[in-house]
Structure formats: C-alpha cells, structure tokens
Participant: 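A single structure is presented below for examination.
Worth saying up front: this structure is predicted, and the values here are computed from it rather than measured. Each chain gets a letter, A, B and so on, in the order the sequences are listed, and its residues count up from 1.
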Amino acid sequence: MAEEKGPNFLEEIVDRDLKAGKYQEIITRFPPEPNGYLHIGHAKSICLNFGLAKDFNGSTNLRFDDTNPVTEETEYVDSIKYDVRWLGFEWANERYASDYFDQLFEFAVRLIEKGLAYVDDSTSDQIAEQKGTPTKPGVNGPFRDRSVEENLQLFSEMKDGKYKDGSKVLRAKIDMAHTNMLMRDPVLYRIKHAHHHRTGDKWCVYPMYDFAHGQSDSIEGVTHSICTLEFVPHRELYDWLINSLEIFPSRQYEFARLNMTYTMMSKRKLLQLVNEKIVSGWDDPRMPTISGIRRRGFTPESIRDFCERIGVAKRDNMIDFGLLEFCGRDHLNKIALRRMVVMDPIKVVITNYPEGKTEQLPSENNPEDESTGSREIPFGNALYIERDDFMENPPKKYFRLSLGGMVRLKSAYIIKCEEVIKDSDGRVTELRCVYFPESKSGSDTSGLSVKGVIHWVSVAHAVEAEVRLYDRLFNTEDMGAIEDDFKNHLNSESLKIQKAWVEPEFRNAKADDRFQFMRTGYFCLDKESTPDKLVFNRTVTLRDMWAKEQKKG
RNA sequence: UGCCCGAUGGUGUAACUGGCAACACGCUUGAUUUUGAUUCAAGAAAGUCUAGGUUCGAGCCCUAGUCGGGCAACCA
C-alpha cells in the first residue's frame with residue numbers, strides 16, 4: 001500500500017471542524033445519478049467520501065440523485081450498489097432524492113411564500129435569452145413580479161398536472177444581473193409527465209439538481225458535501241438556498257476529478273460505446289467502468305490503493321494509466337497463482353527422453369506466499385514452448401533458447417537445442433533437443449549453469465483455452481482535449497483473442513482465482529468461461545525489461 | 001471582455017502552516033533470482049509560472065501580470 005502522505009485539504013478541513021467542535025460527527029454522502037454505470041473516476045469519489053468518514057469515525061450515505069426520470073433506471077441503481085460494495089464500502093443509509101419529493105415541494109412553497117421564487121411561463125429559449133451571457137447581464141422577464149398568491153396557485157396547478165411539459169417552471173428570484181450565471185433566477189422545478197423509477201406516476205413536477213442536492217444534504221445532516229470542481233459556481237446557489245430555507249447548513253467542498261491517459265470518462269460517451277456495440281457492454285474489460293475493471297481482473301484492493309496514491313487536490317490532473325497497471329500488478333503479485341501457459345507454441349521434441357513416459361514435477365504456486373503450496377506438472381518428451389523463447393541466431397544479450405544453446409525449462413530440466421525443423425516457408429515448426437537427466441529441478445547435480453529459464457507445457461497433457469488480450473481502448477493520450485468524434489481515436493488493437501495451451505491444473509480453476517501466467521501477465525477467468533472452454537482475460541502484462549531492451553535496438 | 005477556480009521534477013501528491021523542496025509512479029545503472037517477474041541498492045530529474053514587495057529568512061504572506069480550467073441544459 002501507499003506510503004503515508006500528508007493530509008489532503010479535505011482531511012484538513014474535517015480535522016479542523018471536528019477539533020473546533022463544529023460537529024460531533026461528520027456525515028458524507030456518495031450521490032450518483034442512476035443513469036449509467038460507475039467508472040474509475042467515481043471510485044475516486046467513493047474512496048474519498050467513504051474513506052473520509054471512516055477515518056474520522058463518521059458515516060456515509062449512499063444517495064441516488066434521481067431527479068430526472070427520463071434518464072434513470074433501476075438497473076443502474078443495482079449496479080451502483082454492487083460496485084460500491086465490491087470496492088469494500090458499506091453505507092449507513094440508502095437514500096434517494098426522490099424520498100424527499102414531498103419535503104422538497106414543501107421547501108419550494110416556503111420559498112414562494114417568502115417572495116423568493118416565482119412561476120415563469122416563458123419558453124426555455126426565452127429564459128436563455130433573458131439570462132444574458134457571462135459578460136452580459138440578464139434582464140428581468142415579464143412573469144417575475146407575480147404575486148405570492150398567484151405563484152402559489154400556479155405552482156400547485158403545475159403539480160396537479162394542469163400544464164404541459166415545458167410550459168411553466170418555478171424559478172428562484174435572485175438577481176438577473178448577477179455575475180454568477182447560476183444566480184440569475186435559476187430554474188428550481190420543471191414539468192415532466194414521466195414515469196419515475198421509484199415514485200411511479202405520483203409526480204409530474206421534478207426538482208432540478210440545484211434544488212434537490214443541497215436540500216437532500218441538509219435533510220440528511222450531511223456535514224461535508226464533497227463534489228467535483230465543475231460545481232464550484234453552484235456553491236453560491238447551494239448556500240443561498242440553505243440560507244433562504246433556514247435549514248441545516250451542509251457545506252459543499254470541491255476537488256478535481258480524475259483524468260487518466262488514454263481513457264474517456266464521459267458517461268454519455270461510454271453509453272454510446274455500449275449502445276453502438278463498440279464494446280460488449282458496460283462491463284467490457286476495456287471499459288473504465290468499475291464493472292469493466294472488475295471483469296478485467298483488477299482487485300478492489302488495487303483500486304483502493306490507486307485512489308490513495310493519486311491523491312486529492314483542486315488542480316486539474318492527468319494520471320498515467322501506468323499507475324493503475326502498477327497497482328494492479330502490485331497486489332496480484334502477492335496473491336496470484338503461478339501457472340504455465342503457452343500462447344504461441346513451437347513444438348519441442350526431447351530426443352533422449354523416453355516416448356510415452358510421464359513425470360510429475362512439483363512447482364510452487366506462489367513464491368510470494370508459502371501457504372499456497374505447490375502443484376504437480378506433467379512432463380513428457382513432447383512440449384510446447386513460446387515461439388518468442390527461441391531464436392536461431394540470437395543477439396548478444398538474448399538468453400533464451402537458440403540453436404546449440406541451452407535453457408532451463410521452469411521446474412524441470414535443462415535442455416539443449418540440436419536441430420531446427422522448418423516448413424517450406426522457413427517458419428520453425430519443431431525443435432529437436434536433448435535434456436540432461438541430472439539437471440532436474442531441486443536435485444540438480446549437472447554442474448551446468450544457464451542464464452535463461454522458460455515456461456512450457458506438455459503436448460500430451462495441455463488443455464486448449466482462449467485468452468483475451470486487452471490494450472487501451474483509445475490511442476490518444478488526452479481524450480478530454482479532442483474536438484472531433486471520439487470514435488476516430490479508437491485503438492483497433494484493443495482486443496486480441498488467441499488460443500493458448502494451458503497446464504492441466506487449470507481444471508481446478510475457480511471464478512475468483514487470479515493467475516500469473518509465468519513470464520507473460522496476470523489473468524483471470526472470464527464470466528463466459530466454462531469447464532469445456534476456458535476463457536481468460538489478461539488483466540495486465542508483467543513488466544518486461546527484455547521488451548524494453550529490444551526497443552532500444 | 002465579466003465572474004470563479006488553479007499553477008511545485010515527465011506524471012501525481014507532500015513540505016510540521018514563514019526555516020536546507022520530500023514521497024510514489026516512470027526513467028537509468030548495478031546486485032539477487034529456476035519468472036528478463038518480484039526483491040534490494042544506487043542515480044538522473046524541479047529551485048516551486050513571471051515581476052515586484054514584506055521579512056533575518058518566502059513554495060507558503062501581499063500586489064500586478066502570465067498561463068491553464070470552468071460558467072450562458074426545463075442534465076447532474
């Protein structure tokens with residue numbers, strides 16, 4: 001796990017508030033809108049909100065911000081709850097903004113009575129026009145000075161379904177010339193004759209974000225309402241509403257959202273990838289969604305570690321995708337079971353090993369964890385090794401198998417290649433080798449020393465499987481900065497499906513097992529895997545100094 | 001031509017709140033290794049956006065700029 005860091009600015013604020021006796025106990029909330037699946041950026045927010053409460057002995061509510069019935073669905077609610085729990089967090093209360101619709105309506109009435117809100121019959125275009133621009137003040141509309149009585153009646157009629165969608169809105173009465181656009185009489189309620197995933201057809205008026213979020217925070221006694229930077233200008237309105245309503249003063253604090261190289265976080269665009277079948281679903285292992293990352297094989301521990309390492313601040317950031325990979329490897333190294341898998345085979349025949357003979361050779365399951373013990377691997381005279389692990393004419397620093405050269409077969413014997421057999425195209429089809437019986441792993445008396453160790457699998461015992469090799473979904477580093485269609489930036493090589501030959505021990509593989517295919521990468525079983533057809537997802541490759549060395553040329 | 005945020009090695013985050021700029025990822029080199037993994041050791045890399053000011057002393061405070069981001073949905 002990450003080293004101790006100094007406190008982030010939010011921890012400082014909470015610490016200060018607690019020490020000053022401002023609160024007995026802090027309450028935070030994680031407030032997703034159930035209109036899509038959670039992604040790694042949400043994981044940052046989850047770790048922050050739940051982590052902060054945990055560290056300071058407070059509590060966290062899970063609250064769905066479900067104020068827009070046309071985009072929200074129960075499927076999303078379920079996936080969000082599953083993801084939060086998978087990450088290792090438990091909420092004190094499961095709440096919905098829609099739980100508060102009655103109360104919120106009451107708040108709106110209160111505002112009208114105080115002369116701080118009015119019903120506006122203008123069209124959205126007219127409202128936008130009256131609003132002005134950031135550099136030009138807005139102007140008052142013709143409905144701004146209706147009487148309290150008239151507003152009360154109209155708002156009540158809005159609720160009763162007397163008006164069509166879009167024909168009227170309730171707006172706060174603040175200041176059309178305010179330098180903050182959000183304070184220019186923001187819309188509080190709009191009419192939507194739509195079915196809501198929880199309240200059904202009870203309502204045809206729904207509160208806007210600004211009139212639901214802060215009020216929900218207040219109702220729940222949330223002390224520290226933490227959101228991302230784009231809500232900074234909303235804070236003034238957040239406070240205005242709380243003050244006008246004279247309700248519990250929750251406070252809003254903002255942090256910079258997560259950006260990651262080669263990654264697109266926009267929910268709308270992720271939905272598009274799903275709808276247009278560019279990916280297999282929200283949980284496609286290439287997706288930055290929590291469900292995708294989970295299916296890819298990352299552990300919740302590694303995601304939490306990642307969120308810890310990236311830190312929390314207010315400046316825009318761009319996290320290297322490599323950091324997530326590092327966190328993935330760091331944990332997987334400790335828990336993954338080592339296995340031998342050959343993905344691009346060359347057949348090796350050991351000419352001095354008796355045909356038909358089989359030996360069972362023990363090999364440790366995880367050198368990082370003695371308690372995982374070892375397994376037996378069958379060895380015979382015909383093996384597969386990786387095509388990459390042989391070169392007829394190797395460069396100086398190559399220390400795998402070459403013609404006339406020696407390598408050790410992991411957990412088995414040292415072999416020497418004596419003959420290369422090729423097809424008519426010159427492609428190597430078979431290597432004929434001899435082995436040294438006295439070089440057996442664990443009881444090597446051969447006196448031979450070789451630099452290279454390679455993995456292998458017995459032809460007679462190998463099990464065929466499918467491996468899915470993933471790479472970044474996009475090949476543009478900063479997907480937030482593109483101006484053209486994001487589909488122009490898709491990486492055509494983000495998924496490669498291959499056959500592989502795996503050791504027979506995999507017959508005992510379980511869904512949650514994590515594996516290290518020795519010398520290649522970390523893998524897990526995909527949900528589509530069956531006992532008859534094993535399917536593996538590559539979570540992340542191993543670090544590869546040799547590949548780096550080769551690139552240098 | 002407004003208002004609001006922000007600015008520290010390549011990246012991210014720190015700096016006991018005014019006292020020799022640190023940690024992690026990445027990078028380089030070496031050791032160990034029956035995974036070119038892991039582990040271990042060493043190293044390169046910023047003088048803190050700029051210019052002034054306050055101070056014995058400024059990354060931290062003040063002033064003015066510069067640059068980057070956000071704000072004109074009946075989305076959240």
Participant: Rounded to the nearest Å, what distance is computed from the CG atom of residue A:Asn366 to the P atom of nucleotide B:U38?
Facilitator: 14 Å
Participant: Pick out the pairs of N or O atoms, protein on one side and nucleotides 39-45 of chain B on the other, that lie under 3.5 Å.
Facilitator:
none

Participant: Got a sec, which residues hit side-chain hydrogen bond (donor to acceptor under 3.5 Å, both in side chains) with A:Arg315, two or more places apart in sequence or on another chain?
Facilitator: none
Participant: Start with the C-alpha distance between A:Phe64 and A:Tyr96, add both sets of side-chain angles, then the distance that settles ring-ring contact (aromatic ring centres under 6.0 Å, His included), and finish with yes or no.
Facilitator: CA-CA 5 Å; A:Phe64 292 95; A:Tyr96 296 78; 5.0 Å; yes
Participant: When you compare B:U33 with B:C20, how far apart are their C1' atoms, in angstrom units rounded to a whole number?
Facilitator: 40 Å
Participant: Tell me the interatomic distance from A:His213, atom NE2, to B:A76, atom P, rounded to whole angstroms.
Facilitator: 11 Å
Participant: Without decimals, in angstroms, what is the distance between A:Arg63 CZ and B:A76 C1'?
Facilitator: 12 Å
Participant: Is a donor-acceptor pair below 3.5 Å formed from side chain A:His234 to base B:A76, judging by atom type as modelled?
Facilitator: yes
Participant: Using atom CG of A:Asp175 as one end and atom P of B:C71 as the other, report the distance to the nearest whole Å.
Facilitator: 21 Å
Participant: For B:G59 and B:G18, measure between their C1' atoms and round to the nearest Å.
Facilitator: 11 Å
Participant: Name the nucleic acid region contacted by A:Lys397, choosing base, sugar-phosphate or nothing; use a 4.0 angstrom heavy-atom cut-off, strictly under.
Facilitator: base
Participant: What's the CG-P distance between A:Asp66 and B:A76, to the nearest Å?
Facilitator: 10 Å
Participant: Take atom C1' in B:A45 and the same atom in B:U8, then report the distance between them in whole Å.
Facilitator: 14 Å
Participant: For Watson-Crick and G-U wobble pairs within 3.5 Å on both distances, what is RNA chain B written in dot-bracket notation, | included for inter-strand pairing?
Facilitator: .((((((..((((.....[..)))).(((((.......))))).....(((((..]....))))))))))).....
Participant: Whether A:Thr67 contacts B:A76 is assessed here as follows: a side-chain N or O lying under 4.0 Å from the phosphate OP1 or OP2. Is that the case?
Facilitator: yes
Participant: Grab the CZ-P distance between A:Phe143 and B:C74 for me, whole Å please.
Facilitator: 16 Å
Participant: If the condition is side-chain hydrogen bond (donor to acceptor under 3.5 Å, both in side chains), which residues does A:Tyr262 pass it with, not counting sequence neighbours?
Facilitator: A:Glu477
Participant: Taking the side chain as C-beta and beyond, is there a heavy-atom pair between A:Phe390 and A:Arg400 under 4.5 Å?
Facilitator: no
Participant: Can you pull every protein N or O that's under 3.5 Å from an N or O on nucleotides 10-13 of chain B?
Facilitator:
residue	atom	partner	partner atom	Å
B:U11	O3'	A:Met318	O	3.3
B:U11	O2'	A:Met318	O	3.0
B:G12	OP1	A:Met318	N	3.0
B:G12	O2'	A:Ile310	O	2.6
B:U13	OP2	A:Arg315	NH1	2.8
B:U13	O2'	A:Lys5	NZ	3.4

Participant: For a quick check of understanding: with a heavy-atom distance under 4.0 Å over all strands, which category does A:Pro367 fall into, base, sugar-phosphate or nothing?
Facilitator: base
Participant: Tell me, please, which residues at least two apart from A:Asn333 pass side-chain hydrogen bond (donor to acceptor under 3.5 Å, both in side chains).
Facilitator: none
Participant: Is a side-chain donor-acceptor pair under 3.5 Å present for A:Glu359 with A:Tyr413?
Facilitator: yes
Participant: Can you list the residues that meet the salt bridge (Lys or Arg N to Asp or Glu O under 4.0 Å) rule with A:Arg198, with sequence neighbours excluded?
Facilitator: A:Asp99
Participant: Which residues pass the side-chain hydrogen bond (donor to acceptor under 3.5 Å, both in side chains) test with A:Arg514, sequence neighbours left out?
Facilitator: none
Participant: Apply the test side-chain contact (heavy atoms from CB on, under 4.5 Å) to residues A:Ser167 and A:Ile191: give CA-CA distance (whole Å), side-chain angles for both, the deciding distance (0.1 Å), then the verdict.
Facilitator: CA-CA 8 Å; A:Ser167 59; A:Ile191 302 170; 3.9 Å; yes
Participant: Could you check whether A:Trp546 and the base of B:G36 form a stacked pair, meaning centres closer than 5.5 Å and planes differing by less than 30°?
Facilitator: yes
Participant: Counting only side-chain heavy atoms from C-beta out, which of B:C74, B:G36, B:C75 sits nearest to A:Asn68?
Facilitator: B:C75
Participant: Just to verify, which of A:Asn151, A:Leu154, A:Val119, A:Leu111 counts as forming a side chain to side chain contact (heavy atoms under 4.5 Å, CB included) with A:Leu170?
Facilitator: A:Val119
Participant: Do A:Arg519 and B:U35 have a side chain to base donor-acceptor pair shorter than 3.5 Å?
Facilitator: no
Participant: Base, sugar-phosphate or nothing for A:Tyr398? Non-hydrogen atoms, less than 4.0 Å.
Facilitator: base
Participant: What's the closest nucleotide to the side chain of A:Phe326 if the choices are B:G36, B:G26, B:A76?
Facilitator: B:G26
Participant: Could you check A:Met518 against A:Pro7 and say which one's nearest nucleotide on RNA chain B is further toward the 5' end?
Facilitator: A:Pro7
Participant: With heavy atoms under 4.0 Å as the rule, sort A:Glu325 into base, sugar-phosphate or nothing.
Facilitator: nothing
Participant: If a pair satisfies salt bridge (Lys or Arg N to Asp or Glu O under 4.0 Å) and one of its residues is in residues 363-377 of chain A, list it, with sequence neighbours excluded.
Facilitator: A:Arg375-A:Glu503
Participant: Among B:C74, B:U35, B:G2, find the nucleotide with the atom closest to the side chain of A:Thr135.
Facilitator: B:G2
Participant: Return the nearest nucleotide to the side chain of A:Val232; candidates are B:U35, B:C4, B:A37.
Facilitator: B:C4
Participant: Between B:C74, B:U35, B:C27, spot the one nearest the side chain of A:Lys548, thanks.
Facilitator: B:C27
Participant: With sequence neighbours left out, write down each residue that passes side-chain contact (heavy atoms from CB on, under 4.5 Å) with A:Pro233, or none if nothing qualifies.
Facilitator: A:Asn180, A:Leu182
Participant: Using the ring of A:Tyr163 (Phe, Tyr or Trp, six-membered ring only), decide whether A:Lys168 places NZ or CZ under 6.0 Å from its centre and within 45 degrees of its axis.
Facilitator: yes
Participant: How would you label the glycosidic angle of B:U17: syn (within 90° of 0) or anti?
Facilitator: syn
Participant: With a 4.0 Å limit, can you tell me whether A:Arg190 has a side-chain N or O closer than that to the phosphate oxygens OP1/OP2 of B:A76?
Facilitator: yes
Participant: If you check the A:Lys451 side chain, which of B:U33, B:C74, B:A37 turns out closest?
Facilitator: B:U33
Participant: In whole Å, I'd like the distance from the CG atom of A:Asp185 to the P atom of B:C74.
Facilitator: 13 Å
Participant: By the 4.0 Å heavy-atom rule, please label A:Tyr189 as base, sugar-phosphate, or nothing.
Facilitator: nothing
Participant: Expressed as a whole number of angstroms, how long is the span from A:Leu229:CG to B:G69:P?
Facilitator: 13 Å
Participant: Mind checking A:Arg400 for me? I need base, sugar-phosphate or nothing, with any heavy atom below 4.0 Å counting as a touch.
Facilitator: base
Participant: Could you work out, with side-chain contact (heavy atoms from CB on, under 4.5 Å) as the rule, every residue matching A:Ile174, not counting sequence neighbours?
Facilitator: A:Ala172, A:Met183, A:Asp185, A:Pro186, A:Leu237, A:Trp240
Participant: With salt bridge (Lys or Arg N to Asp or Glu O under 4.0 Å) as the rule and sequence neighbours excluded, what pairs involving residues 253-262 of chain A come up?
Facilitator: A:Glu230-A:Arg257, A:Arg235-A:Glu254, A:Glu254-A:Lys314
Participant: Base, sugar-phosphate or nothing for A:Thr228? Non-hydrogen atoms, less than 4.0 Å.
Facilitator: nothing
Participant: For the P atoms, the ones on B:G9 and on B:G43, what distance do you get once it is rounded to whole angstrom?
Facilitator: 22 Å
Participant: So which one's nearest nucleotide on RNA chain B is more toward 5', A:Gln516 or A:Ser124?
Facilitator: A:Gln516
